[in-house]
Amino acid sequence: MTEEKTQNDSKSRVSFLSKAKREFSKDKVGLISLIVVVSLLLFIFIAAIFIPTKDFVNVNIMDQFLTPGTSGHILGTDDGGRDELAMLIVASRNSLFISISFTVLTTIIGLIIGLTAGYFGGGVDWGIMRLTEFLQLLPTMMLVMVVVTIVSEYNAVTLILIFTALSWMSGVRFVRSLTLTQSRLDYVKASKLSGASPLRTMLVEILPNLSSFILADLTLNLAGNIGMEVGLSYLGFGLPASTHSLGTLLQLATDPNNMTDRLWVWLPSAIVILLFTIAIVSIGQVLRRVADQRQSLA
Amino acid sequence: MGELLRIEDLRIHYPIRGGFFNRVVDKVYAVDGVSFSINEGETYGLVGESGSGKTTIGSTIVGLEKATSGKVIYKGEDVTTPAARRKLNYNRDVQMIFQDSMSSLNPRKTIYDIISEPIKNFEKLDKNAEEKRVAELLDIVGLPQRTMYQYPFQFSGGQRQRIGIARAISTNPKLIVADEPVSALDLSVQAQVLNFMKQIQKNLGISFLFISHDLGVVRHMTNNIAIMHLGRFVELGTRDDVFKDPQHIYTKRLLAAIPQTDVAHREENKANRLRIEEEYQNNRSFYYGADGRPYPFLKDVSDTHKVAMNADEFALAEAQTEVKKEESK
Amino acid sequence: MWKLILKRVLLMIPQLLLMTLLIFAIAKLMPGDPFTGRFSPQLDLSELARLRKEAGLDDPWYVQYFRWIGNALHGHFGDSYVLQKPVVTLMGERLGNTIVLSLFTTVFLYLFGIPMAVASAKNEGKFIDRFWLTFNSITYGVPALVIFLFVLFLFGYTLQWFPTSGSVNIDAEGFVGIWLSKIYHVILPSVTIAALSTVGIFTYLRTGLLDNRNQDFVRTARAKGVPEKQIFWKHNFRNSMLPIAQNFGFQIVAIFSGSIFVEQIFNYPGMGLLYYSSISTRDYAVITALMLFYGFLSLVGAVLSDIILAWVDPRVRIS
């Protein structure tokens, strides 16, 4: 009985990396997604460095709406005569940069607050949870739209901060419930008795045990946040007009002529968005299986 | 042997909330007025069924649980409050061994990190000395040096419990609260771990507060025993007091419930059990108050032996039986 | 039960207070005031100052706050300076459209989500199950906006099966004609939103059905010889629907607040489009009123969810 238990344990508790490797090898879609996302990310961030600013800033009405393939524009040009491919790369970089920073920030805030609530419990927990519940009731998207319009110094950084300030709550409940489960385990008590400070117990003892769950959650949230950014920019409340994002490229589709006759001005960005979000979700699902081995395919 | 730790009238009550504004509507009396003391180098046994409050007492002694009232006095110093405990570096001297060896070891940490945690926080040795100390501890608990950088899941239950012991003794504590340290282990491994604990006690002069529901194990380990039921002590005494001359009906019932492999006296044992059960049914009020809980005051049976019962009622009842016997004659 | 509802509604008061304070603060931070729209070369600046003072804009913030709350309670939200109409009238015109759209969306959502989950759970691990799992993970991740565009492109412009904007045909006549035209306009957007939003219902119901399958109450029913069909619908399905029922309030709110995108893309004149256009034109009276409306709605949604939970789950009702 003891022997058998030990073996089961050892099977389920090998390192994160080897578990991830095994899950990805069992899920071909996940593996392809991982390759697609990593190579696209590398391509976009490297290629964006080499695109001169004038390519996506200067407007040249003469070259407006060139069809793909004409005069060296692989994906054609947009309403300002700018090269679609260059625009697409730069816009993707901006969108991804914002979504990723936003996701990382909200995750960190969610971790700090969720760990605190779950670890200390009692009144601290009660207060934090009532506040989060209330804030989650607020219509986030609408508030972001309004706040964006009243902030004077407005750029990518303020956008990320506004975004974060109005939706950091999403991760708190998740981290809190994970922390509560861990806090009931004896190793946390042992750590307290070993003279470790609450901060050390939270960060050194509990946090590593949450990491795989957090990573899976972070990945899945990233997909949702790309959607948020695209949506806001599409409505015109994302980045300032001079900064392009996948959402601002989609805006061109609002014009029925563009939508039906000039597919090249909006379809590529729609496809990039689809590709990224679908791939990220399938990676997130593999990571979730890594975190929670009961769902394992292996 | 001097007194190491004394518990004075300890009470731990949990509020039950409910009603309109989440008011406190009732209380759970997890521990309700318990006093005892542990001497240097001795093993004190705390016995009771699950939910009797024995684990709560253990947790309060190490400082994981807050006392509602009463005192914990360690070497003459009041250590009931967290501030007092911090000032004394109390947990350097008082440590704990947990029941579930798996959950008491962080799966993400190596054995080295687990054992060195208290040393890091309390002793603040340099890296070399710390490593030497961990190696020494592994040696004491009989695990090879190479296990230092392995993870908890790579060990069997018995081995993990030894790692837990190594962590508990790493700062040379004076008292270890062992909360059901072997109940999760197989029988064969239990004896091994128990003997090993005894060995350590002999070599290092540590006191144990041994919490268990298993009278057999407690008999093997302890000098003095307290029997708990529903948050109160029902009987206190030396091992012989409790096992050879049980006074409280609860103790008697516990002892009668120990499975016997003695086939020759099977009928006799059965008769004994029935007799005790009858006594329990007839004389409940000698041992339990109207609220169904044991009486809060302890009557001296001898210098070392105490029992919780209603002294007046007991005497009265005995007199009445005498009278009845007289009448029926 | 009544005590529970009362308690839950009372809990709304501090929430409402906090929310209104927050919205009031945002409203105060917005540049401009009700008289901004009256700027004209003829207007005397001292006259403007007098008007402002008369309207109480120089009072301390708490006085203004309570006056604002009082007005809101009486249904006075001021005038839109862009459209020169009372905000209430404006909202009234749009609210009907949004309600029709949300209602259809809600019906379609449950109509899609529940059978999807049942089919998946009944065929666990088989092709149908894997298909719906994949479908839902895609709809979870993909921004609805992009799908709206594709749907509009395909069914609206290319195939021309559905209208691409508006809420009703101008030449529709008669009660039946107008309503048919209205329904015709909401079908494409509501079906699309519903199809994209099933993930919550699907996941909860599917997991519930699979988990409950091995619960004691289902096994007991089976042991008693209850027919499988009856076990599934009467015992398993009913219990698995509890979380779905409980979530109803939040679901409605999500559909209402989510209407911003769909109304913008399908150019459907509802509350969402009103909000969008008033932000674009900085029509602050409308913005503030709409924020208040949506905020209040989400509080009511949360209360509704809690009451439904108490109503369907005796464990909550009794304790």
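Computed from heavy atoms alone, side chains included, the values below leave out hydrogens, waters and symmetry copies. Below, chain A is the first sequence line, B the second, and so on; all start at residue 1.
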* Residue by residue, which of residues 57-70 of chain B have a heavy atom closer than 4.5 Å to a heavy atom belonging to chain A? -> B:V62, B:L64
* Could you tell me which portion of A:R184 (side chain, backbone, both or neither) has an atom closer than 4.5 angstrom to a non-hydrogen atom of chain B? => neither
* Is the B:Y90 to B:Y74 ring centre distance short of 6.0 Å? -> yes
* **Expected output: side-chain B:T110 to main-chain B:D113 donor-acceptor under 3.5 Å** => yes
* Between B:R92 and B:E123, is there a salt bridge with N-O shorter than 4.0 Å? -> yes
* Asked: Could B:R133 and B:E130 be called an ion pair, given the rule that one side-chain N must be under 4.0 Å from one carboxylate O?
  -> no
* Asked: So what's closer than 4.5 Å to chain B heavy atoms on A:S211: side chain, backbone, both or neither?
  -> side chain
* Does a salt bridge link B:E180 with B:K54, judged by any charged N lying under 4.0 Å from a carboxylate O? -> yes
* Would you mind checking if B:E117 and B:R167 are paired as a salt bridge, meaning a charged N to carboxylate O distance below 4.0 Å? => no
* Verdict with reasoning, A:L222 to A:S99, per side chain to side chain contact (heavy atoms under 4.5 Å, CB included) -> CA-CA 7 Å; A:L222 178 60; A:S99 329; 4.0 Å; yes
